[in-house]
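Here is the structure we will look at.
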Amino acid sequence: MGKKAGQDPAATGARPLRRDAELNRQRILQAGREVFAARGLQATLNDVAHHAGLGVGTVYRKFPDKQALAEAVFTDELNQIAATAHDALAEDDAFAALAGFLEKALERAARNRGLRELMRHPTFEGAGLTRARLEITTHCEGLVARARAQGTLREGVTGADIAPIAAMIDAVMALPGERPSESWRRYLAIILDGLRAHPRHTPDGPVIR
């Protein structure tokens with residue numbers, strides 16, 4: 001015997017409901033990205049719900065607390081930064097690759113208050129965030145090692161220096177009255193120039209130590 005109409009998932013609306021649920025989840029994630037980027041990690045799930053145009057109950061059904069939503073949002077952010085670092089490893093000029101990665105990663109941070117706060121104080125933790133951080137660290141160490149092997153990186157610089165360098169630029173972004181989208185690039189350029197390897201002797205000048 002064939003199934004009755006009432007037993008057909010399509011007839012009961014199960015599939016449309018599943019589609020609607022996934023659409024709502026994507027709306028919440030996008031709203032979370034935008035709200036955390038603009039307001040930082042102090043934003044609430046109520047703020048996200050309002051921005052998404054959804055009831056707060058709908059948000060809580062998808063994400064039981066702010067930590068769950070923040071982990072989902074920032075795991076994706078860190079995964080994209082890790083992918084940028086991985087792609088940089090394939091470039092021929094290792095120093096240019098390292099510099100390019102730093103500029104791209106910090107450009108993301110300049111537009112995202114929540115990401116900067118997460119980098120400064122890892123308030124939210126989870127398996128995805130931990131894995132993404134490890135990938136970023138590993139790729140950065142690879143970028144530094146390649147630049148050192150090519151002789152283009154200042155002696156003594158290690159992969160452990162990358163996080164403090166990012167923190168320095170973050171401090172510039174936090175300066176009162178500064179516009180992160182503009183001012184931080186100048187200071188990154190100064191830092192990068194200091195990271196370059198210089199010859200010990202210049203043609204007509206003194207020994208550089």
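- For the residue pair Gln30 and Arg33, a side-chain donor N or O sits within less than 3.5 Å of a side-chain acceptor on the partner.
- The distance from the CG atom of Leu195 to the CD1 atom of Ile190 is 12.0 Å, given to the nearest 0.5 Å.
- Here the shortest heavy-atom pairing between Ala197 and Gly151 reads CB-O, 3.4 Å.
- The shortest side-chain heavy-atom distance between Asp87 and Phe101 does not fall under the 4.5 Å cut-off.
- Expressed to the nearest 0.5 Å, how far CG of Leu69 lies from CG of Leu45 amounts to 6.0 Å.
- With rounding to the nearest 0.5 Å, the separation of OG1 in Thr84 from CG in Asn79 is 10.5 Å.
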> So Thr137 and Ile162, side chain to side chain contact (heavy atoms under 4.5 Å, CB included) or not? Walk me through it.
Replying inline: CA-CA 9 Å; Thr137 299; Ile162 300 303; over 6 Å; no

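- Counting only distance, with no hydrogens or angles, the side chain of Arg116 and the backbone of Ala109 share a donor-acceptor pair below 3.5 Å.
- Among all heavy-atom pairs drawn from Ala132 and Ala82, the shortest one is O-CB, 4.3 Å.
- Nearest heavy atoms, Ser183 versus Val172: OG-CG1, 4.1 Å.
- Salt-bridge annotation for Glu107 and Arg185: present, with a side-chain N of the basic residue lying under 4.0 Å from a carboxylate O of the acidic one.
- In this structure Arg148 satisfies the salt bridge (Lys or Arg N to Asp or Glu O under 4.0 Å) test with no other residue, sequence neighbours excluded.
- Of the possible polar contacts, none joining the Glu141 side chain to the Gly159 backbone as a donor-acceptor pair under 3.5 Å is found.
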> Checking side chain to side chain contact (heavy atoms under 4.5 Å, CB included) for the pair Leu188/Leu192: CA distance, chi angles, key distance, verdict?
Replying inline: CA-CA 6 Å; Leu188 177 61; Leu192 288 173; 3.9 Å; yes

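- Atom-to-atom distance recorded for Asp193:CG and Arg154:CZ is 10.0 Å, nearest 0.5 angstrom.
- In this structure, Lys62 contributes its side chain and Ile28 its backbone to no donor-acceptor pair below 3.5 Å.
- Side-chain contact, Thr58 with Arg61: a donor N or O sits under 3.5 Å from an acceptor N or O.
- Under a hydrophobic-cluster definition in which Ile, Leu, Val, Met, Phe, Trp and Tyr are linked whenever side-chain heavy atoms come within less than 4.5 Å, directly or via other members, Ile81 and Leu134 are assigned to different clusters.
- Put simply, the side chain of Glu77 does not reach to within 4.5 Å of the side chain of Phe36, judged on heavy atoms.
- Judged as a salt bridge (Lys or Arg N to Asp or Glu O under 4.0 Å), and not counting sequence neighbours, the contacts of Arg120 are Asp170.
- Annotation: side chain of Thr44 is not in contact with side chain of Val48 (no heavy-atom distance under 4.5 Å).
- Taking both residues in full, the closest heavy atoms of Phe74 and Leu41 are given as CE1-CD2, 3.5 Å, listed atom of the first, atom of the second, then distance.
- Minimum interatomic distance between Ala49 and Val59 (heavy atoms only, all atoms of both residues): CB-CG2, 3.5 Å.
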>> Quick one, Leu78 with Leu115, criterion side chain to side chain contact (heavy atoms under 4.5 Å, CB included). Give me CA distance, side-chain angles, the key distance, then yes/no.
In response: CA-CA 9 Å; Leu78 294 185; Leu115 179 59; 4.0 Å; yes

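- For residues 39-50, the salt bridge (Lys or Arg N to Asp or Glu O under 4.0 Å) pairs, not counting sequence neighbours, are Arg39-Asp47.
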>> If you apply the rule side chain to side chain contact (heavy atoms under 4.5 Å, CB included), what do you find for Leu143 with Phe95, and how did you get there?
In response: CA-CA 8 Å; Leu143 288 168; Phe95 187 89; over 6 Å; no

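- The neighbour count for Asp92 CG, taken as heavy atoms of other residues, nucleotides or ligands under 6.0 Å away, does not exceed 12.
- Contact of the Asp65 side chain with the Tyr60 side chain is not registered, since no non-hydrogen atoms from C-beta on lie closer than 4.5 Å.
- Put simply, CE on Met119 and CG on Asn112 are 10.0 Å apart, with the number rounded to the nearest 0.5 Å.
- Under a cut-off of 6.0 angstrom, the local environment of NE2 in His51 is crowded, with over 12 non-hydrogen atoms contributed by other residues, nucleotides or ligands.
- The heavy-atom pair separating Ala94 from Arg146 by the smallest distance is CB-C, 3.5 Å.
- The 12-atom threshold is exceeded at CD of Gln80, counting heavy atoms of other residues, nucleotides or ligands nearer than 6.0 Å.
- With a 4.5 Å cut-off on side-chain heavy atoms, Met173 and Leu106 count as touching.
- Contact check for Thr152 versus Arg196: no side-chain heavy atoms found under the 4.5 Å cut-off.
- Rounding to the nearest 0.5 Å places CG of Leu54 at 4.0 Å from CZ of Arg27.
- At least one side-chain heavy atom of Glu71 sits under 4.5 Å from a side-chain heavy atom of Leu129.
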